[in-house]
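One structure, pasted below without further comment.
Just so it is clear: chains get the letters A, B, ... in the order the sequence lines come, proteins before strands, and each one is counted from 1. Values below: all heavy atoms of this structure, side chains included; hydrogens, waters and symmetry mates excluded.
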Amino acid sequence: MAAFVVRRILVNIVVFMLIGIGVFLLVRAAPGDPVRMMISPEDLQEGSEQFIQARRAELGLDDPILVQYARWLLDAISGDLGSSFLNREPVSGLLLERLGPTVLLMSTALGISLLIAVPLGTIAAVRRNTGVDYAAAALSLGVISVPSFFLGITAIYVFSLQLGWLPSSGMSTPDGGGGADVLKHLIMPAAILGLAAAGPLTRYVRGSLIDELSADYVRTAEAKGGSLARVVSRHALRNSLIPLITIVMINIPQMLAGAVVLEQVFAWPGMGQLAVRAVNTQDYPVIVGFALYVAALVLVCNLVADIAYAVVDPRVKVT
Amino acid sequence: MESTEPLLVIDDLAVEFRTDEGVVKAVDGASFSVGRGEIVGVVGESGSGKSVTAMSILGLVKSGRRAGGTIRFRGRDLATLPAKELRAIRGAEIAMIFQDPMTALNPVVTVGRQIVEALKLHDKKLSKAAARDRAIELLALVGMPDAAARFKQYPHEFSGGMRQRAMIAMAIANGPSLLIADEPTTALDVTIQAQVLDLLKVAQQETQAATLLITHDLGVVAELADRVVVMYAGRVVEQGDVTTVFTEPRHPYTVGLLESLPRLDRDVDELHPIPGSPPSLLAPPPGCPFHPRCPLARDRCRTERPQPRVVGAGHQSACHFAAELAAVHTEVTR
Amino acid sequence: MSDLRPSLDAADVTAAQEAVAAGPGTGGPSSSRRSPRAMAARRFRRNKVAVGGAIFLLVLLVVALLAPLIAGQSPYSVDLGAIRQPPSAEHWLGTDASGRDVFARLVYAARVSLMVGVFAALLAVLVGTLVGAVAGLFGGWLDTALMRTADMMLSFPNIVVVIVLAGLLGPSIPILVIAIAASEWPTAARMVRGVTLAVREREYLHAARVAGASRGWLLRKHIVPAAMGQIVVVGTLAVAGAILSEAVLSFLGLGVQPPQASWGNMLNDAQSLTVIQSMPWLWLPPGLAIAATVLSVNFVGDGLRDAVDPRQSGRS
């Protein structure tokens, strides 16, 4: 087991380095001189050319590309992702500051999606081809088809502007009331993000549970005198939830994509909002930092998915 | 108010499946009974309806529908019993052993917990520790070496034979009065089959449970059963005492089955597999379902469905010419 | 290990094997004289929802092709004297922040959205088919590496790919198409790999390969025909995903750039509360257009899947 984990971690580190090279080369391929980008046009005067040359040397931009890459990578690993072009703040600090809100949004949404998908998928599977099943199918298809930002805008229109129940943007009201206040801000974006993720998950739970319910061991459990509820929850569901752990882990990065959009709609102060702003202001260091964070998230989720599967399923023997 | 009738009485049972091509009559008017402590073997080819009959007893036929008849257990019709009362009987008074122990056990639950579940479902007051002790006891009883360690293992850590032992332990956990074993040895290696059969015998003696043994293997029936029920195309064609049926069969299908059986006292080239194949249950032939394959078939067999008739002490045959067959068979064997 | 891990397409290989067993033109013993393709078409026509979706898409296609005739006016003519006007006889759906006709933009945007959706899906299916076939045909470490990459790309959100590419190279439609295809190809690759493995299992192919057939020949003559039904299904569903991605990315300002209209960037305006509150004609029509289109494509895709492989129907 330990050997398996170590091997997977090593593979993932290699992949991360490859992604790093890709991003690094892209930055270098981007039009414009990084030094010039850092200087606002009005500061460009006589003699600036010399300053730029000196700065280039100082930054090591004249070194061979591999040396530059190694230096950049070492910096990145030690947490130094450079500074934002926009306000000179260190990128890692900017991202870390916004990590909390994004994690809060995504974990709430994940909880909501599971609370919807597992019961709904289960009922749809057990009551196959009934009204509930069709309703679940319609809901899944609906949330897969309607863009989440449109749902968000509609929700703002209904719940914030027409009914006035929930705040439309931000994470808290200035000098507002603590946890309850944050919760009120959280409800809409988290619910919509969770709903969007629940669509495919519901389909998955239903499909795999239908397969499990036709398995022989389910008949054995029934023959022992177990009730339908018990047979489903203790036996069939147990078997279909093991792969669900993997599915959920692999889909977390997709959820981040959804979060980027909804952070924009609801002005939620997370990493996605920062990233979109960075693209619109061509703030390269922030874009690169964000990309590396996401790459790390994808790799960690894949790693956890592999390990979780091996740990939870007693049948998988890892060597 | 125990009635005087046998423990289990299956009377004119009919089970249908709806398919895209039409209605399949998997069981079509089967009747037989199982007395207390008796071992009854049900034999037939695949598709004869023997497994569906066994599954219907506990209402475990998924897509099928009972189209008629009754299944009386201690005088109560199981088919019309409310779900809750049926669950109280499942696994307690009537327990099942399934064909494929590879798939019949839940792969992600330890074997021990699956036995404990069977115990606790029918004895809510049983403590966790007591249930555990009892389960280990049961595993030891079915010849599981190192039962306490095996208790904690998952099915995939067991061999096929060991899994079937665990299934048997689970089935006898609550001291059932009827055990239904559906092809209990078919999925196992030949060498393991004998061990499991011996174990079934032991389990039966231990619990004094009546046993309904579903199999296509006449050898298994000969070894274990007191009585035998022969099924063909969803119907019971012959039933009676094992010795009687095997020595004086009164149905041409039974004769065919016996002749297709390899026996030590006969040469291999004397084996006579029954020509043809079982009829389609979608459109069963009129009259006797066996007539297309029957060497004795006459016009009457093609039009009139033969009803089971008594041909000897506790011996029934559903053949128009059962009496003549007695003479023919005697001639053949002597 | 990687093969043990389930994915949302866990049933792929079995489904593929069944499809291969049913085969194009092999006609199993139970099938009547009708060809599998004709039977699939018949099953599709019986599916009312899928047919409805197909009709909607046909109408939309006509609208997109005849945009200049239907729109009546230019989607680009700015009229700063009449900005954000409510719907009227002159402007059926009102005007936007630059005084441009919203209806005209909606009609022209259908062109962009459909084009991006179809091209991205085609690219994804093409790449996916090649990668899947190569992985299945060559096997070994190449198979492992390709499928690992596919898994990774599948979970790498395309928004982030676009954020990096558009952020560094500037947003454009080709970048949009490439980024969307990058996150859609793995589904096709997994499916085609499954079909390839199933095809390889078949004995006559074994014989064909022994007789010196090239892998390219195998791909053209056996794998692609066997996978065609499912390729169409995966491709159709990829169109739905691509249209959705285009909308999201353009909404964020990372996709189609104004003045060119796309349904996504038309909603860009709706980031202000005033617009949401009092100018629903600016955000409701493009939002509904996206939802109706994606829903229709999904209906058609699901219908095709059920038609191509009826055993799979209702399972996922």
Side-chain angles (χ1 to χ4, degrees), chain A residues 1 118 122 124-130 133 204-248 305 307-319, chain B residues 51 54-55 57-63 83-111 113-124 152-157 163 166-167 170-171 173-174 176 179-182 187:
Chain A
M1 184 74 209
V118 174
T122 304
V126 174
R127 303 245 176 277
R128 202 177 167 186
N129 296 332
T130 63
D133 189 15
Y204 176 79
V205 171
R206 175 185 180 273
S208 81
L209 194 58
I210 284 176
D211 286 350
E212 293 298 338
L213 282 174
S214 65
D216 284 354
Y217 70 83
V218 166
R219 194 180 53 191
T220 307
E222 281 184 300
K224 280 196 279 189
S227 62
L228 180 67
R230 188 186 173 89
V231 170
V232 170
S233 64
R234 296 287 176 89
H235 291 278
L237 207 52
R238 238 181 136 92
N239 276 276
S240 42
L241 289 190
I242 286 177
L244 185 72
I245 295 172
T246 310
I247 304 282
V248 166
I307 295 173
Y309 194 63
V311 169
V312 180
D313 193 328
R315 280 164 298 184
V316 178
K317 270 209 204 95
V318 182
T319 44
Chain B
S51 273
M55 293 295 169
I57 297 170
L58 283 180
L60 294 174
V61 182
K62 276 279 155 60
S63 46
K84 203 177 167 194
E85 286 176 48
L86 183 60
R87 283 207 303 273
I89 291 178
R90 283 178 179 172
E93 291 202 66
I94 304 177
M96 277 198 85
I97 297 162
F98 293 98
Q99 175 172 357
D100 189 353
M102 303 304 228
T103 55
L105 291 166
N106 190 335
V108 299
V109 179
T110 60
V111 169
R113 279 188 62 177
Q114 296 189 54
I115 298 174
V116 165
E117 184 188 25
L119 288 164
K120 293 194 75 168
L121 271 171
H122 299 287
D123 185 358
K124 303 275 188 278
K152 284 179 253 165
Q153 289 183 338
Y154 289 92
H156 72 271
E157 297 170 88
R163 283 185 224 191
M167 272 301 288
M170 201 154 82
N174 293 304
L179 262 177
I180 303 170
D182 185 10

Handout entry: chain A contacts, top residue of B/Val109, B/Ile94, B/Thr103, B/Asn174 (heavy-atom pairs, under 4.5 Å)
Key =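 Highest number of pairs under 4.5 Å: B/Thr103.
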Exercise for the section: Under 4.5 Å heavy-atom distance to chain B, tell me which part of A/Ala215 shows up: side chain, backbone, both or neither. Expected result: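 No part of it gets close to chain B.
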Handout entry: Pair B/Glu117 + A/Arg230, salt bridge at N-O below 4.0 Å
Key = yes
Problem - Segment of B/Ala118 engaging chain A (4.5 angstrom heavy-atom cut-off) - result: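 Interface part for B/Ala118: both.
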Exercise for the section: Let me know if A/Ser227 has heavy atoms under 4.5 Å from chain B in its side chain, its backbone, both or neither. Expected result: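 Interface part for A/Ser227: both.
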Handout entry: Per-residue contact mode, B/Leu121 against chain A (heavy atom under 4.5 angstrom)
Key =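 Side chain of B/Leu121 only, per the 4.5 Å heavy-atom cut-off to chain A.
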Exercise for the section: Of all the heavy-atom pairs spanning A/Glu222 and B/Leu60, show the shortest one and how long it is. Expected result: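 For A/Glu222 and B/Leu60, the tightest heavy-atom pair comes out as CB-CD2, 3.7 Å.
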Exercise for the section: Could you tell me whether the side chain of B/His122 and the main chain of A/Lys224 form a donor-acceptor pair under 3.5 Å? Expected result: yes
Practice task
Pick one of side chain, backbone, both or neither for A/Leu213, based on which atoms fall under 4.5 Å of a heavy atom in chain B.
Solution key: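 For A/Leu213, the backbone is the part near chain B, not the side chain.
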Handout entry: Distance (rounded to the nearest 0.5 Å) between B/Asp182 CG and A/Arg219 CZ
Key = 7.0 Å
Exercise for the section: Among the options A/Ala236, A/Ala221, A/Gly226, pick out the one with the most heavy-atom pairs lying under 4.5 Å from chain B. Expected result: A/Gly226
Handout entry: Per-residue contact mode, B/Met102 against chain A (heavy atom under 4.5 angstrom)
Key = neither
Practice task
Examine whether an atom of B/Gln114 lies under 4.5 Å from a heavy atom of chain A, and if so say whether it belongs to the side chain, the backbone or both; otherwise answer neither.
Solution key: both
Problem - Over all atoms of both residues, closest heavy-atom pair of A/Thr220 and B/Ala104 - result: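 Closest pair (atom of A/Thr220, atom of B/Ala104, distance): OG1-O, 2.6 Å.
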